[in-house]
Amino acid sequence: MTGCRAAMDSFGPGRHTTGRSVSGASFNGAHGVMGLGQGPISFSTQVGKKFGNKFSYCLMDYTISPPPTSYLILGKANTIKKMNFTPLLANPLSPTFYYIGIQSVEVNGKKLDIDSSIWEFDDEGNGGTIMDSGTTLTFLAEPAYIEILNAFDDEIKYPKIFDPALGFDLCINVTGVEKVSLPLLSFRFVGNSVFSPPVTNYFIDAADDIMCLALQSVTSPLGFSVFGNLMQQGYLFEFDREVSKLGFSRHGCAHP
């Protein structure tokens, strides 16, 4: 599912699904692609008025065996008492994406020295931060990424692994460690809501006894930051296009 994308929809069975995700990976081999972006012919636009211009989804932990089923809800999600909200921001030059605002970032409760302007889009529509369920990893503007990477590097005491083949800048050896303890990452969104995902949403098992920080850098100033589906796991996300806000909660994913 590509829940926060600018994909275009035609209804019917798919035999040969092609196309690229925000991060560049191809959708080749998928059984189909449902675009839920804000473009005029996306699925959520075409049927949105029938469902109050809202949709929600839960992306479940892919590491569980057998993997639980993720799901999509058209319309209002079940009432969740502990829902947090942040505004959906409008970028007139890239109107199909779901942009959010980030105020600050913390690692183990320490606020990092990242200027909030790093997360914003400019007058030409470059930059900004989007939520995208069709991208796996989380990609962050380079200045913010470097601050976060350095903060984790300072906090982590396990042996570091430097292997370009792993594809990540920070990996650790956890051989013989029964219970791995890793720093906590938190994002404060515009509206003062805090997104504090579990460690498994941003540290992954890259090889036997090796864990890596599953973040990547956006090096181009024309690019935007992306919260991918790995970072979103285990949360109920409600996209309310009627009032332009995003709700999220750690409660409500077990039973749609």
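Only heavy atoms go into these numbers, but all of them, side chains included; no hydrogens, no water, no symmetry mates.
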Exercise. Before giving the answer on side-chain contact (heavy atoms from CB on, under 4.5 Å), spell out for I156 and L182 the whole-Å C-alpha distance, their side-chain angles and the decisive distance to 0.1 Å.
Key: CA-CA 7 Å; I156 292 175; L182 294 167; 4.2 Å; yes

Exercise. Before giving the answer on side-chain contact (heavy atoms from CB on, under 4.5 Å), spell out for L185 and M231 the whole-Å C-alpha distance, their side-chain angles and the decisive distance to 0.1 Å.
Key: CA-CA 11 Å; L185 176 64; M231 188 69 81; 4.2 Å; yes

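- In terms of the side-chain contact (heavy atoms from CB on, under 4.5 Å) criterion, residue partners of S196 (sequence neighbours excluded) are, by chain and number, S186, V194.
- Panel note: side chain S193, backbone N84; no donor-acceptor pair is recorded below 3.5 Å.
- Side-chain N or O atoms of E106 include none that pairs as donor or acceptor with a backbone N or O of L184 at under 3.5 Å.
- Between F237 and Y57, the ring planes are tilted. Angles from 30° to 60° get that label.
- Sorted by first and then second residue, the disulfide bond (SG atoms under 2.5 Å apart) pairs involving residues 132-172 (not counting sequence neighbours) are C171-C212.
- Environment of NZ in K160: crowded, with over 12 heavy atoms of neighbouring residues, nucleotides or ligands closer than 6.0 Å.
- Using a 4.0 Å cut-off between a side-chain N of Lys or Arg and a carboxylate O of Asp or Glu, K110 and E155 qualify as a salt bridge.
- Between the side chain of T129 and the backbone N or O of S225 there is no donor-acceptor pair closer than 3.5 Å.
- Between the side chain of N173 and the backbone N or O of P159, no donor-acceptor pair lies under 3.5 Å.
- A donor-acceptor contact shorter than 3.5 Å links the side chain of S220 to the backbone of L222.
- With hydrogens and angles ignored, the 3.5 Å screen pairs no side-chain donor or acceptor of Y71 with any backbone N or O of C58.
- In terms of modelled atom types and a separation under 3.5 Å, the side chain of N229 and the main chain of S133 share a donor-acceptor contact.
- In this structure a side-chain-to-backbone donor-acceptor pair under 3.5 Å is present from D122 to N126.
- A ring-centre distance under 6.0 Å is found for F187 and F227.
- Ring to ring, F168 and F203 are not that close: their centroids are 6.0 angstrom or more apart.
- Between the D205 side chain and the A207 main chain, no donor and acceptor come within less than 3.5 Å of each other.
- Judged by distance alone, the side chains of D132 and Y98 never bring a donor and an acceptor atom under 3.5 Å apart.
- The hydrophobic cluster containing L166 also includes I161, I210, under a criterion of side-chain heavy atoms closer than 4.5 Å among ILVMFWY residues, counted directly or through chains of members.
- The aromatic rings of F195 and F189 lie parallel to each other, their planes meeting at an angle below 30°, with 60° marking the opposite boundary.
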